[in-house]
Amino acid sequence: MQPLPKKYDFRLAERKWCKAWDKQGTYAFDPKSDKPVFSIDTPPPTVSGKMHLGHSFSYAHEDFIARFHRMRGKNVFYPFGTDDNGLATDKLVEKTKGVNAKSTKREAYLELAHRTVQEILPDFIEDWKMLGMSCDFSSPYSTISTAVQKASQKGFLELYEKGLVYRKETPVSWCPQCQTAIAQAEFENVDKTSHFNDIVFKAKGKDMVVATTRPELLCACVALFYHPDDERYQSLKGKFARVPLFGYDVPILADETVDREKGTGLMMCCTFGDKEDIEKWYKHKLPLKVSITKDGRMNEEAGKYQGMTLKEARKAIRADLEAAGLLIKTKDITHPVNVHERCGTDIEFLNTHQWFINVLDHKEELIEAADDIRWHPEHMKARYIHWVENLNWDWCISRQRHFGIPFPVWYAEDGKTVLPSEEELPVDPSDQQPKGRKDLVGETDVLDTWATSSLTPQLALGWAKGGELFKDNFPMDVRPQAHDIIRTWAFYTITRGVYHEKKVPWKNIMISGFVLDPKGNKMSKSRGNVVDPQDVMDKYGADALRYWAAGSKLGDDLPYMEKDVQTGSKTVTKLWNASRFALMQLADYDGGEPDELLPVDKWILSKLQGIIKESTETYEAYEYAKSKSLIDNFFWNTFCDYYLEIVKDRIYNPEKRGVGAKLSAQYTLRYALRTILKLFAPIMPYITEEIYGYAFAKDGRDSIHVNGWPTFDNGLVDGTAEEAGDALLEVVNLARKKKSEASVSLRTPIIKFIIPKKLEKVLKPVEDDLKAVTNAEDISYEGKVVFIELAPSKQ
RNA sequence: GGGCCCGUGGUCUAGUCCGGCUAUGACACUUCCUUGACGUGGAAGGGGUCCCCGGUUCGAAUCCGGGCGGGCCCACCA
């Protein structure tokens, strides 16, 4: 057994092990092994920047679970991939290369995008490796890779065959900035300030006042609505109104969804201002009047306002209305507006051709599916169900972008859809025709990134290749993710599981919370309160960061406080020092078993069994935070502050205490240290591996992280020893208190230590250790109270 | 408006499901201790109406009802 160096350099050690694990394939999945498999549907991080603190938080959580199961002897299937086919990556390419995808030629842009992704990926993945993720990094998948394109397109074809996907011209939510359709799940609600404008419409010379926040859509107005019971407007039934500035007539109609209290109780319906407009347009079969372009400008319908942005048009139209005396009142309001989560641009509705996956007809099935998954924490299931229940639209999966996985679809002259055969995949219909055809028009849209990442369990398990791995391991054991993407990733993946395999994709889902700033606010660039995990790891190490991440239970948000990482860093140091001390004491130990263990040794071994049992149970239940705090307390308190102090005398002075007492201590010390390291290993993989390497590894390839999770040994549970040890601690505390009150060193001898008679029986067997740790010269048992007399001060 | 989560010393929290130990730990604070692993350490200590009100119970931080406060998700966009 080698002694440990004086100092632990986490920078060196973490880099060293990160490379060594990779090289030795420590975390490689073994397809030939007969060990039970534990499979993890690792989230492929979106390539849109660097790993952020929220990532390190939730990825640490899943890694605790992965490492625990691997140590338990499972063959852990823990793939790693990157999600790099979506709008987020597209935006990153635009930003880093200073280009605009829409105004760049398709081929040139795609070439640039693929090249940029390849440039970014190695460094991007490095952050996850340094965090100590125990994924199999040997062949990371990329969602833009040819293999994944093929699989994703295959998935599309399968849904098409099942009639679960369809194309339709319909009003769809549209981002004028990104110039693509987006799905309901990509909305974000933001409160914005605006104006409620009271505008005059005229009908047969009579004035009618309509309140609107969107005067720029006047030219798209197709009707006015009032509530059928609204007495104020009964006389308007069947009449027409003239649209101001634009001078055409629209019908005045009644609809029960109109709120009489809002504005003037008279509203205009434009195609399209919002969801309400769409619903009324459908219901009353109104004409379509499109007034905005795909890039968010006014079109020819807007007459003299053509070419203006919506914002400019709003200002100009308000001014013109005012000049004409038709804007009679303006009220400042704050109201919620749906914006695109990626860019913050107001969402519009455009009537376009899009592909959809039918989800509205299958809500019930998708809600029931939630019961087949164990949710950790349980209440997150409600979030999922709530989202599915409240869905309003089918899942729009087509995006009008260059970068992404192409739809494997062509259109014939008669409008019929032509699909490739599976063998032809992957295809790019933009510049390719199916076998034997020359007459088709290829679909130029690409698939929503979620349409691919919703297949991660299938992708990772090689579903497209039809292998055993997939057959045997779908559903996977666990999906880890954060709660913000329940409505997207979790929902979509469950949908694909149910649609393709008639099964939920995983048995468990573990959902992490968010990292907040120290005051409990969200971290965001605009607030300027962002902390980079790279900086934290550089300053304190990955183990310290992981220790911090283990401090909150699943689903709970955690304010980031540097001092908590510092506590992790201190724990690393303490672990090093305690191990260094222990190993020094074990230098002359041959590993032999003592004939008889001393009661104090039995005490700590017994206590340790409780920790093993409980931390195993809590890990099994995904409660790593409980496990961590159990081990933490045992290590600092029971092991360092008491046991090591008690045992010093036996090891230092074998001539006084006997060789057997020393051997008993050495045996116990070794067992306890080894167990503590293992219990800490899932949370702090670097320091534990480093110490294990010095102290216990059989050779350079023997890792603490594979197998060897401590097993509960009922034979070591000893009630009598625990009673003796606990009583010992109590009197030790009294002695320490006495010395503290006297402001003297803890080594000050006790010349007279009188302990109540009733404790004699329980304390007698540990009396030698008690004497040693309290430096008591004389111990006697009498009376009912403790009496301690300290040696006089030297001065 | 609907749903969910939460409210514990100065701060962050454990404990709450399944009621009963002196209410856990970390950080901060006070005093002391440099002892042959560690001062990034050790010992001792101060500090809590367990959000409020009511109920159940021998007994409530924990269960029930009602408030108040905070957060999240969804809806509200005329």
Side-chain angles (χ1 to χ4, degrees), chain A residues 3-4 6-7 184 187 189-192 194 196-197 210-214 217 224-225 257-259 262-270 273-277 280 333-338 346-347 377-387 389-392 483-484 486-487 513-514 516 518-522 540 551-553 555-564 566-585 625-626 629-630 632-633 636-637 640-641 644-645 648 651-652 732-733 735-748 775:
Chain A
L4 292 188
K6 180 119 176 102
K7 288 254 173 201
Q184 188 183 352
F187 293 11
N189 243 288
V190 181
D191 277 334
K192 292 203 173 182
S194 182
F196 219 6
N197 307 289
V210 172
T212 180
T213 54
R214 304 206 58 185
L217 292 179
L224 293 188
F225 281 98
T257 61
V258 175
D259 182 349
K262 207 156 195 170
T264 58
L266 196 59
M267 65 173 285
M268 65 174 194
C269 172
C270 307
D274 60 23
K275 206 180 89 208
E276 293 282 309
D277 287 348
K280 289 188 179 61
I333 55 158
T334 301
H335 66 158
V337 177
N338 276 326
D346 288 13
I347 286 164
E378 177 90 44
H379 70 256
M380 289 294 177
K381 181 166 144 183
R383 295 259 290 257
Y384 166 85
I385 290 172
H386 197 232
W387 173 257
E389 278 172 348
N390 289 299
L391 278 169
N392 293 312
H483 61 59
D484 56 329
I486 291 174
R487 65 181 188 173
F514 261 33
L516 307 173
K519 288 177 190 151
N521 296 313
K522 256 186 188 162
Y540 299 107
S552 98
K553 57 186 170 193
D556 272 11
D557 293 343
L558 182 68
Y560 172 79
M561 291 199 234
E562 191 166 358
K563 65 182 181 63
D564 293 332
Q566 283 167 351
T567 305
S569 172
K570 285 181 186 177
T571 303
V572 167
T573 306
K574 185 81 173 175
L575 199 51
W576 182 260
N577 288 322
S579 302
R580 195 163 69 89
F581 168 75
L583 294 181
M584 275 166 12
Q585 310 319 321
K626 276 188 193 170
S629 90
L630 281 167
D632 215 27
N633 287 337
W636 280 90
N637 203 251
C640 291
D641 296 343
L644 290 185
E645 292 307 318
K648 274 176 181 172
I651 291 171
Y652 288 146
V732 167
N733 281 344
R736 285 175 173 177
K737 190 171 174 178
K738 179 83 182 176
K739 290 175 183 180
S740 193
E741 278 168 355
S743 294
V744 297
S745 159
L746 288 180
R747 292 206 67 197
T748 305
N775 204 13

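If you're wondering where the values come from, they're calculated on a predicted model, not measured in any experiment. Just so we're on the same page: letters track the sequence lines, and every chain starts at 1.
- Rounded to whole Å, the separation between the P atoms of G65(B) and C4(B) comes to 13 Å.
- Partners of Arg383(A) under the salt bridge (charged side-chain N to carboxylate O under 4.0 Å, His left out) rule, at least two apart in sequence or in another chain, do not exist in this structure.
- C63(B) and G19(B) have their C1' atoms separated by 7 Å, with the value rounded to a whole Å.
- Backbone-only contact: His379(A) has heavy atoms under 4.0 Å from sugar-phosphate atoms and none from a base.
- Base engagement by Arg747(A) is indicated by at least one non-hydrogen atom pair under 4.0 Å involving a base atom.
- Within the nucleic acid shown, Met380(A) has no heavy atom closer than 4.0 Å to any nucleic acid atom.
- With sequence neighbours excluded, the residues that form a ring-ring contact (aromatic ring centres under 6.0 Å, His included) with Phe514(A) are His483(A).
- Between A44(B), G42(B), C12(B), one nucleotide has an atom nearer to the side chain of Met561(A) than all others, and that is C12(B).
- The phosphate of A78(B) (OP1 or OP2) has a side-chain N or O of His335(A) nearer than 4.0 angstrom.
- In this structure, Ala578(A) reaches the bases: a heavy-atom distance under 4.0 Å links it to at least one base atom across the strands shown.
- Contact annotation for Lys553(A): backbone-only contact, meaning every heavy-atom pair under 4.0 Å involves sugar-phosphate atoms and none involves a base.
- Note on Trp387(A): only backbone sugar-phosphate atoms sit closer than 4.0 angstrom, heavy atoms only; bases stay farther off.
- Residue Arg487(A) places its side chain closer to C74(B) than to any other of A78(B), C38(B), C74(B).
- For the P atom pair drawn from U56(B) and C74(B), the interatomic distance equals 42 Å after rounding to whole Å.
- Listed by chain and number, the residues in a side chain to side chain donor-acceptor pair (under 3.5 Å) with Lys737(A) amount to none (sequence neighbours excluded).
- Backbone-only contact: Phe196(A) has heavy atoms under 4.0 Å from sugar-phosphate atoms and none from a base.
- For the 3.5 Å distance criterion, the side chains of Lys280(A) and Thr257(A) qualify, holding a donor opposite an acceptor.
- Base pairing annotation: G41(B) forms a Watson-Crick or G-U wobble pair with C33(B), both donor-acceptor distances under 3.5 Å.
- Expressed to the nearest 0.5 Å, how far CD1 of Ile385(A) lies from CE of Met380(A) amounts to 13.5 Å.
- Contacts of Cys269(A) with the nucleic acid, taken as non-hydrogen atoms under 4.0 Å apart, are absent.
- The CG atom of Leu644(A) lies 11.0 Å from the CG atom of Asn577(A); values are rounded to the nearest 0.5 Å.
- Regarding contacts with the backbone of U40(B), every side-chain N or O of Asn577(A) stays at 4.0 angstrom or more from both OP1 and OP2.
- Among the heavy atoms of the strands, none lies under 4.0 Å from Leu266(A).
- Between Lys737(A) and G45(B), a side-chain N or O to OP1/OP2 separation shorter than 4.0 Å is present.
- Separating the P atom of A43(B) from that of U34(B) is a span of 15 Å, rounded to the nearest Å.
- G1(B): Watson-Crick or G-U partner is C74(B), with both key distances under 3.5 Å.
- In this structure, G47(B) forms no base pair with any nucleotide, since neither Watson-Crick nor G-U wobble geometry is met with both distances under 3.5 Å.
- Of the P atoms belonging to G20(B) and C50(B), the separation is 16 Å, rounded to the nearest Å.
- Under the side chain to side chain donor-acceptor pair (under 3.5 Å) criterion, Tyr540(A) pairs with Glu562(A), Gln566(A), sequence neighbours left out.
- Between the NZ atom of Lys574(A) and the C1' atom of G39(B) there is a distance of 10 Å, rounded to whole Å.
- Listed nucleotides: U40(B), A14(B), A78(B). Nearest to the side chain of Asp556(A): A14(B).
- At the heavy-atom level, Gln184(A) lies under 4.0 Å from the strands shown only through sugar-phosphate atoms.
- A donor-acceptor pair under 3.5 Å links the side-chain atoms of Gln184(A) to the main chain of Asn392(A), judged by distance alone.
- For a distance-only test at 3.5 Å, the side chain of Asn189(A) qualifies as a donor-acceptor partner of the base of C76(B).
- The interatomic distance linking Asp557(A) (CG) with G71(B) (P) rounds to 12 Å, in whole Å.
- No side-chain heavy atom of Phe225(A) sits under 4.5 Å from any side-chain heavy atom of Leu266(A).
- Distance NZ (Lys522(A)) to P (G70(B)): 18 Å, rounded to an integer number of Å.
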Quiz item: Reading nucleotides 24-32 of chain B from the 5' end, what letters show protein touch, with B for base, S for backbone sugar-phosphate only, - for no heavy atom under 4.0 Å?
Solution: -SSS----S
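- For Ser569(A), no side-chain nitrogen or oxygen approaches OP1 or OP2 of U40(B) to under 4.0 Å.
- As judged by a 4.0 angstrom heavy-atom cut-off over every strand, Val258(A) is placed among the base-contacting residues.
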Interface polar pairs with nucleotides 62-64 of chain B, N/O, under 3.5 angstrom:
none

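- With both ends at atom C1', the span from G69(B) to C52(B) equals 10 Å, rounded to whole Å.
- In this structure, Ile385(A) places its CD1 atom 19 Å from P of C73(B), rounding to the nearest Å.
- Between the C1' atom of C76(B) and the NZ atom of Lys275(A) lies a distance of 9 Å, rounded to the nearest Å.
- Contact annotation: the side chain of Pro377(A) never approaches that of Lys553(A) to less than 4.5 Å [non-hydrogen atoms, C-beta and beyond].
- The gap from the P atom of C53(B) to that of G46(B) amounts to 27 Å, rounded to the nearest Å.
- Taking the C1' atoms as reference points, U22(B) lies 15 Å from A61(B), given to the whole Å.
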